Amino acid sequence: MTTTNTPAEDTPSAVYQCRLPLSTKTITFIADLIRGHLAAIGSRWRKLAPGKIAVIVLAVLRHDQRLADLAGANDVSASTIRRWVLEAIGLLAARAPRLDRALKKAARAGGEVVLLDGTLVRTRRRTGADNRKNYSGKHKAHGLLLLALTDRKGNLLWISAARPGRASEITTARHNKICARLREAGLGAIADLGFVGLDDDPDHPVVITGRKAARGRPLTTAEKQANQLVNAERAPVEHGFAALKNWRILTKVRMNAVHATTLLRALMVLSTTEHTR
């Protein structure tokens with residue numbers, strides 16, 4: 001059987017325009033990073049200019065555009081688009097702050113409390129032994145768990161490395177030594193009920209959570225009111241996650257999971273550049 005790849009009646013491929021809802025500052029920021037990287041590695045030529053590459057990369061990250069579609073519209077291959085995306089997120093992720101530096105910066109800015117929470121970023125279902133560890137029983141979906149710290153306005157300060165979806169928030173926080181880092185910086189944190197028991201020093205806690213009801217022991221009226229106050233204080237952390245998940249590539253991550261941490265930290269840098277409250 002003969003396969004015909006040319007359009008019927010020599011009709012040219014349709015190309016449509018799509019608005020990229022980002023500021024010129026963000027596009028220029030990525031273009032400058034790419035331009036500086038090309039100068040550092042001594043690359044004298046690219047198929048497209050750094051500004052055009054920046055727009056393509058942002059289209060992938062913001063709109064989750066398919067690589068093959070962008071490749072056809074820009075006369076390059078899908079593998080070239082993939083290489084540009086991985087290169088850009090690597091440059092961006094290198095600018096993401098470490099946990100200790102982020103907390104010290106928040107303390108120098110006069111902050112006393114940060115907000116701590118975790119979320120699941122959905123991924124494709126994987127095959128074999130890798131399938132089960134990425135399945136979250138809490139969310140009933142495959143994904144990767146990440147923790148984030150924000151200030152009291154909801155601005156992202158730090159994002160943890162991506163962990164398998166089956167991991168718990170409190171175990172991930174212990175793995176990152178959240179309590180020790182908070183004490184070193186002289187800060188406290190407000191978190192939800194998923195972090196109850198995280199702080200190992202109940203006399204001088206640095207992580208404040210609500211109270212859980214137990215079987216046969218319902219919450220008192222005072223405890224319910226205390227939980228409402230904690231929830232009201234930690235609500236802005238959800239704005240930080242919302243700004244992060246506005247990047248639609250996180251709707252369901254299809255790239256290799258080994259790039260997930262780099263991707264998340266790159267998107268944090270972009271979210272901070274685009275949204276600062």
Side-chain angles (χ1 to χ4, degrees), residues 18-71 73-102 104-106 109 121 144 146 148-151 155-162 240-251 253-277:
C18 181
R19 180 176 177 270
L20 196 59
L22 296 171
S23 64
T24 305
K25 175 184 175 182
T26 300
I27 299 174
T28 304
F29 172 55
I30 297 184
D32 289 342
L33 283 180
I34 295 173
R35 197 173 290 112
H37 175 67
L38 296 181
I41 64 176
S43 177
R44 296 178 296 174
W45 181 84
R46 284 285 169 95
K47 179 74 172 179
L48 298 176
K52 184 65 174 178
I53 294 175
V55 171
I56 292 173
V57 169
L58 288 170
V60 174
L61 299 179
R62 186 69 172 188
H63 289 311
D64 197 19
Q65 292 283 358
R66 301 306 191 262
L67 303 183
D69 295 341
L70 287 173
N74 292 279
D75 295 325
V76 294
S77 65
S79 60
T80 298
I81 301 289
R82 182 180 295 106
R83 185 172 66 252
W84 288 345
V85 171
L86 294 178
E87 181 181 69
I89 65 175
L91 295 172
L92 289 165
R95 302 176 69 89
R98 298 187 330 194
L99 176 58
D100 53 348
R101 294 178 180 175
K104 289 178 181 178
K105 182 178 179 181
V121 174
L144 297 169
L146 67 100
L149 290 174
T150 72
D151 60 18
N155 297 311
L156 288 167
L157 302 176
W158 169 80
I159 284 182
S160 70
F241 281 131
L244 188 67
K245 291 188 175 182
N246 271 340
W247 301 89
R248 295 176 190 168
I249 194 172
L250 294 184
T251 303
V253 177
R254 295 187 303 276
M255 66 170 54
N256 195 315
V258 299
H259 302 300
T261 298
T262 305
L263 172 65
L264 289 166
R265 289 177 174 168
L267 295 180
M268 173 197 161
V269 173
L270 289 174
S271 297
T272 304
T273 303
E274 192 71 17
H275 302 283
T276 301
R277 297 174 180 84

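Side chains are part of it too, since the values below use all heavy atoms of this structure and drop only hydrogens, waters and symmetry mates. Everything quoted here is computed from the prediction, not taken from an experiment.
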### Query
Between Phe241 and Leu146, does a side chain to side chain contact (heavy atoms under 4.5 Å, CB included) hold up when you go through it step by step?
CA-CA 11 Å; Phe241 281 131; Leu146 67 100; 3.9 Å; yes
### Test log, rule side chain to side chain contact (heavy atoms under 4.5 Å, CB included), inputs Ile159 and Leu244
CA-CA 10 Å; Ile159 284 182; Leu244 188 67; 3.8 Å; yes
### Task
Kindly indicate, with the supporting measurements, whether the criterion side chain to side chain contact (heavy atoms under 4.5 Å, CB included) is fulfilled by Leu70 and Val60.
CA-CA 8 Å; Leu70 287 173; Val60 174; 3.3 Å; yes
### Message
Determine whether Ile89 and Leu61 satisfy the following criterion, side chain to side chain contact (heavy atoms under 4.5 Å, CB included), listing intermediate values before the conclusion.
### Response
CA-CA 9 Å; Ile89 65 175; Leu61 299 179; 4.2 Å; yes
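In plain terms, the two heavy atoms of Ala96 and Arg265 that are nearest each other are CB-CB, 3.8 Å. Taking each heavy atom of Ala54 and Ala31 in turn, the nearest pair found is CB-N, 3.8 Å. Taking each heavy atom of Leu156 and Met268 in turn, the nearest pair found is O-CE, 3.9 Å. Contact between Pro21 and Glu274 at its shortest, heavy atoms only, is O-OE2, 4.3 Å.
With Thr261 contributing its side chain and Ala162 its backbone, the two residues share a donor-acceptor pair below 3.5 Å. The main-chain N or O of Val258 is found under 3.5 Å from a side-chain atom of Asn256 such that the two form a donor-acceptor pair. With hydrogens and angles disregarded, no donor-acceptor distance shorter than 3.5 Å links the side chain of His37 to the backbone of Ala88.
Atom CG in Leu91 sits 11.0 Å away from atom CG in Leu86 (nearest 0.5 Å). Distance CH2/Trp158 to CG/Leu99: 5.0 Å, rounded to 0.5 Å. Taken to the nearest 0.5 Å, the CG atom of Leu67 stands 7.5 Å off from the CZ atom of Arg254. One finds the OG1 atom of Thr80 at 10.0 Å from the CD1 atom of Ile56 (value rounded to the nearest 0.5 Å). A distance of 6.5 Å separates OG of Ser77 from CZ of Arg83, quoted to the nearest 0.5 Å. One distance of note links CD1 of Ile81 with CD of Gln65; it measures 11.0 Å at 0.5 Å rounding.
Side-chain contact between Trp84 and Ile34: absent, with no pair of heavy atoms (C-beta onward) separated by less than 4.5 Å. Leu144 places none of its side-chain heavy atoms less than 4.5 Å from the side chain of Val253. Contact of the Leu33 side chain with the Arg95 side chain is registered, since non-hydrogen atoms from C-beta on lie closer than 4.5 Å. Taking 4.5 Å as the limit, every side-chain heavy atom of Lys105 sits out of range of all side-chain heavy atoms of Leu157. Using a 4.5 Å heavy-atom threshold, the side chains of Thr272 and Asn155 count as separate. Residues Leu270 and Leu267 form a side-chain contact, since some pair of their non-hydrogen atoms from C-beta on lies under 4.5 Å apart. Between Trp247 and Leu58, the closest side-chain pair of non-hydrogen atoms falls below 4.5 Å.
More than 12 heavy atoms of other residues, nucleotides or ligands lie within 6.0 Å of NZ in Lys245, so this atom counts as buried by the packing criterion.
Not counting sequence neighbours, Arg66 has no partner by the side-chain hydrogen bond (donor to acceptor under 3.5 Å, both in side chains) test. In terms of the side-chain hydrogen bond (donor to acceptor under 3.5 Å, both in side chains) criterion, Lys47 has no residue partners (sequence neighbours excluded). Qualifying salt bridge (charged side-chain N to carboxylate O under 4.0 Å, His left out) partners for Arg35, counting only residues two or more places apart in sequence or in other chains: Asp32.
At a threshold of 4.0 Å, the pair Glu87-Arg46 counts as salt-bridged, since one of the basic side-chain nitrogens sits closer than that to a carboxylate oxygen.
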